[in-house]
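Chain letters run A, B, ... following the sequence lines, proteins first and then strands; every chain starts at 1.
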There are 2 protein chains.
Amino acid sequence: MTTYTPAAASARSGFSLDTLRYYERIGLLYDIGRTAGGQRVFTEDDLDWLGVLRCLRETGMPIADMRRYAELARHGDTTNAERLRVLREHAVELRRHIATLLEQEQHLHGKIRWYESQADGEPDPAALLAEPAAAPGP
Amino acid sequence: MTTYTPAAASARSGFSLDTLRYYERIGLLYDIGRTAGGQRVFTEDDLDWLGVLRCLRETGMPIADMRRYAELARHGDTTNAERLRVLREHAVELRRHIATLLEQEQHLHGKIRWYESQADGEPDPAALLAEPAAAPGP
DNA sequence: CTGGTATCTGGAGCGCGCTCCAGGTCAAGG
DNA sequence: CCTTGACCTGGAGCGCGCTCCAGATACCAG
């Protein structure tokens, strides 16, 4: 069974060493193996779990919620239904977030187009009176 | 010319009073009018500008960058080209961010489907040996 | 065995983006 | 007028998610 040193786990997961230790301390990582001397030993499964953490983290789940999820995961398959609930709720949140980003992206491109039109029509002095802070349209 | 009290500006912009004051202190808001007694008076243009700030903020632009943008805006139309550059760069960042969110959303739904399949096929004991931490597919 | 690098622990510190507070001033209704 | 609620300033405090540090220990190549 392949195992990984902390440095390797850090490289593969993309989390810093300090973050890995921090995650263990606060309960996001659990049952991490140790050598006789007390150094951490990461397994493939640990790396898979870190992948899950990365997904949740990157999609904006707060650490507190991730702790709840980790707690459920630690308690075995009897918590599957609850875990499903958590993930579904998070997916809804995520969708909302993406939606507002897409919306604001439109505004942003509206402003960009406005500036582009300014660059093109530069010699027109009347255009300079327009309000750059305002959205280009009504 | 319509003007707004701080409370009204807060309500319309969605920023708290404290945030509006904070934004003025750090230079995101500038040339905000005052009454004889020193109370702020917001104009329509100020609210438009707050809309811009909201867009940039919600799309994840750091305050430091917004200050740069505000500084440019404060210096009139001669900075249009630079402002355009800033917005374009931000739009690229934003696109990248949305892309990773959409990607991770797929992972998330993959995990959700996995849990759903567990719920359905519950009586199969072999399924319980599968690793919930791992992504369902390759 | 020895030296050098990797890792350990507990705890302090940091950067960001607000948010709250104290102690006072302003403005509008009665 | 006078009260009452909105607003003012400067500065401290906070929640989050790490990140850094000191001082000690573990592992491994030579």
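Close to D:dT9, at under 4.0 Å from its OP1 or OP2, lies a side-chain N or O of B:Arg34. Dashed line: the shortest gap from a side-chain N or O of A:Thr35 to OP1 or OP2 of D:dC27 is under 4.0 Å. The side chain of B:Arg40 places no N or O atom within less than 4.0 Å of a non-bridging phosphate oxygen (OP1 or OP2) of D:dC7.
Judged by closest nucleotide on DNA chain C, B:Arg57 is the one of B:Gly37 and B:Arg57 placed further toward the 5' end. Annotation: of the two residues near DNA chain D, A:Arg21 and B:Val41, the 5′-most nearest-nucleotide partner is B:Val41. Checking B:Gly38 against A:Pro6, the closest nucleotide of DNA chain C that is more toward the 5' end is the one next to A:Pro6.
One finds a salt bridge joining B:Arg34 and B:Glu24 here, because a Lys/Arg side-chain nitrogen approaches an Asp/Glu carboxylate oxygen to under 4.0 Å.
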A:Tyr23 and A:Arg57: CA distance, side-chain angles, deciding distance, side chain to side chain contact (heavy atoms under 4.5 Å, CB included) verdict = CA-CA 12 Å; A:Tyr23 277 6; A:Arg57 198 70 208 80; 3.6 Å; yes

For side chain to side chain contact (heavy atoms under 4.5 Å, CB included), just list the numbers for B:Val92 and B:Arg95, CA-CA rounded to whole Å, side-chain angles, deciding distance to a tenth of an Å, and then say yes or no.
-> CA-CA 5 Å; B:Val92 170; B:Arg95 201 86 278 283; 5.7 Å; no

Show your reasoning for whether side chain to side chain contact (heavy atoms under 4.5 Å, CB included) applies to A:Ile112 and A:Tyr115.
-> CA-CA 5 Å; A:Ile112 287 175; A:Tyr115 278 113; 5.9 Å; no

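Using a 4.0 Å heavy-atom distance criterion, A:Tyr23 is classed as a sugar-phosphate-only contact. Base engagement by A:Arg25 is indicated by at least one non-hydrogen atom pair under 4.0 Å involving a base atom.
A donor-acceptor pair shorter than 3.5 Å cannot be found between the side chains of B:Gln106 and B:His109. Between the side chains of A:Arg83 and A:Tyr69, no donor N or O sits under 3.5 Å from an acceptor N or O.
What separates CZ of B:Phe42 from C1' of D:dC8 is a distance of 12 Å, to the nearest Å. Nucleotide D:dC21 holds its P atom 19 Å from the OH atom of A:Tyr22, rounded to whole Å.
Here the range on DNA chain C touched by chain A, meaning any atom under 4.0 Å from one of its heavy atoms, is C:dT7 to C:dG11.
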